[in-house]
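Here the structure is laid out as structure tokens; the discussion comes afterwards.
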Amino acid sequence: MNLEIITGMYFYMLIMAILIYLGMRWEVHKNKYKNFYSLPSPTPNFPIFGNIILFKKLKYNIVKIFEYAMEKVGSPCLLYMPHRAYLTSSPEEFKIILNHPDALEKGAFYKVFNKTFGETLLLESVHPWKTNRKLLSKGFNQKVLNNFVATFYNCSNRLVNKLKNNDDKDLAYLLHRYTWDNFTENFFECKMNSLDDETNEFVDMILKGQTTMGSRIGNIIKMNDFLYNFTEDGKYLDRIMKRAFAFIQGVVSKKRLEWSQEIDEEVFSKELKRLPLLKLLISKEEIPDKYIREEMVLFAAAATDTTAYSIAYTCILLALHPDIQEKVYKEVINIVGKDREIDFTDLPLLKYTEMAINEALRLLPVIPMIGRKSTADIDLGTRVIPANTDIICFIYGTHRNKKYWRDPKKYNPDRFLPEEVAKRPQCAFIPFSGGPRNCIGWKYAMIAMQTTISNIVRHFHITTNYKSIDDMDFESSIAMSPTHPLDCHFKIRK
Ligand code: HEM
């Protein structure tokens, strides 16, 4: 046989071997991911553009889009935005995903926050996140949080006075200022008093910044950073975020000077009772201002509107259910009385109040979904999510799923009685997400809400002209915010 024929045969055999190998790999791949790729997706769904027409049709309202998908094709399903995303509202799947070491990276949705918060706890990749989360968690230990209750109480007294005199002011407007005042007093040891000083513009800047960023989600043009920078919105966002960072830098520089001596004495003290987050970061000399400034803007953004809306939604639900409001009132009077200061020892006793807040967080979760990305295959038992897939955990969908909540649209705090909680899967209620990358501020938010709601309820009868929560309309991107002033009134109790 001549050399040419032998070479040709070897070449032919090599090609065959490669094809057989690829075929076998494809077969394994197909079988492994069969239950994933065969999942349905809502229509219209076009090649290249995916479901983006659906996004446009539903005005980029995330809750409406995901609800539509669940209604039409069920959970889980695949959504094309236009890249593929795995959408689930199953608490059993949440438990696996949110605790999985290969699902700790944030999903593509959060890209819209990259420019502003890319290097902060919210978005950073797993490696720096682990170290930073450990450090920042120190600012939320129980001792630190207990000390915050006095601030919440004092600020809530100012809120009560404001509500006595400002029935025409939008509740969300007041509460944003209120949560910002709490935040700055607790974290910066700095009284901003924006509740009374309406010229204080930081709160509005952060709020506008978040709404503008959130409105980019699902919009193919707005999601592209390069194109977005040329739009009016992009330029506006740049301007306000620069001002917000400059404002926080001012606070950081001022506090560095003010605390320099105190920190020297305190860091070596074992009796350190109160170390607000900013002081904690400033006390570490190796941490640069840039890091502190960016984390502080993130924390301000993450802490204020979420807590403000959650307090507002709880007030409205209590107003819609006077019987439940009365039960909360009786509990508060029983435990704290009419005038005594609310302190941290009261909070664990205000059980029904906590249940009423939880039920509001269930019905109207301010963060309706969370997005993760798989960095390796995630085996859910029923199917395997391939590596590099965007995963969306639709919290709102789970919180209203008939399978876990009988008559899901009914406001019923008794759902949070211990025996009722024991009947549900662990992740059926996750307003603060779950697993190691959950909300770092959840305990802070809960004590803020408990103190505030208790103090409001013992002073006022809360009323509304709404007939049900369906009378409210929400814009929803990353957060669920009302599209209109909230109808909520506060009548002084005799
Ligand atoms: C009712 C109030 C709040 C709600 C409903 C809420 C909800 C959430 C949720 C669902 C997440 C997870 C996001 C994700 O996995 O993609 C989260 C993360 C986060 N939250 Fe909250 N939050 C609230 C209040 C707060 C407060 C008061 C703070 C700070 C004081 C805070 C700071 C953060 C931060 C920094 C993260 C990112 C954590 C990380 O990736 O390690 N939140 N929040």
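First listed ligand is number 1; within each ligand, the first listed atom is number 1.
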What atoms in ligand 1 come closer than 4.0 Å to a heavy atom of [X]?
X: Arg133; value: 38 (C), 39 (C), 41 (O)
X: Lys106; value: 14 (C), 15 (O), 16 (O), 40 (O)
X: Tyr444; value: 27 (C)
X: Asn438; value: 38 (C)
X: Ser433; value: 10 (C), 12 (C), 15 (O)
X: Ala303; value: 26 (C), 27 (C), 28 (C), 29 (C), 30 (C)
X: Ile440; value: 32 (C), 33 (C), 34 (C), 35 (C)

I need the nearest protein heavy-atom contact for [atom]: residue, atom name and distance, please.
atom: atom 24 (C) of ligand 1; value: Thr306 OG1, 3.4 Å
atom: atom 32 (C) of ligand 1; value: Ala302 CB, 3.5 Å
atom: atom 37 (C) of ligand 1; value: Leu122 CD1, 3.8 Å
atom: atom 40 (O) of ligand 1; value: Arg437 NE, 3.1 Å
atom: atom 13 (C) of ligand 1; value: Ile370 CG2, 3.5 Å
atom: atom 19 (C) of ligand 1; value: Cys439 CA, 3.8 Å

Please state which part of [X] comes within less than 4.0 Å of ligand 1, counting heavy atoms only: side chain, backbone, both or neither.
X: Ile367; value: side chain
X: Pro431; value: backbone
X: Phe432; value: both
X: Phe140; value: side chain
X: Phe187; value: side chain

Does [X] [atom1] have over 12 foreign heavy atoms under 6.0 Å away?
X: Gln426; atom1: CD; value: no
X: Lys95; atom1: NZ; value: no
X: Lys255; atom1: NZ; value: yes
X: Glu119; atom1: CD; value: no

Measure up the [X] and [Y] rings against each other and bin them: parallel (under 30°), tilted (30 to 60°), perpendicular (over 60°).
X: Phe113; Y: Tyr110; value: tilted
X: Phe429; Y: Trp405; value: perpendicular
X: Trp180; Y: Phe188; value: perpendicular
X: Tyr309; Y: His176; value: perpendicular

**Request:** Please report the C-alpha distance between Ser253 and Gln249 in whole Å, then the side-chain angles of each, then the deciding distance to 0.1 Å, and finally whether the side chain to side chain donor-acceptor pair (under 3.5 Å) criterion is met.
**Result:** CA-CA 6 Å; Ser253 308; Gln249 180 58 56; 3.1 Å; yes

Does the N or O separation between [X] and ligand 1 drop below 3.5 Å for any pair?
X: Trp129; value: yes
X: Tyr110; value: yes
X: Ser310; value: no

Distance-only donor-acceptor check, side chains [X] and [Y], under 3.5 Å:
X: Asp233; Y: Thr212; answer: no
X: Asn157; Y: Asn455; answer: yes
X: Thr88; Y: Glu93; answer: yes

Are [X] and ligand 1 in contact, using a heavy-atom cut-off of under 4.0 Å?
X: Ile430; result: no
X: Tyr309; result: no
X: Arg372; result: yes

**Asked** Does Arg158 count as lying over the ring of Tyr178, i.e. NZ or CZ under 6.0 Å from the six-ring centre, within 45 degrees of the axis?
**Response**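 The answer is no, since Arg158 fails at least one limit relative to Tyr178.
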
**Request:** Kindly say whether Lys351 contributes a backbone atom to a donor-acceptor pair with the side chain of Glu331 at under 3.5 angstrom?
**Result:**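 Answer holds: yes.
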
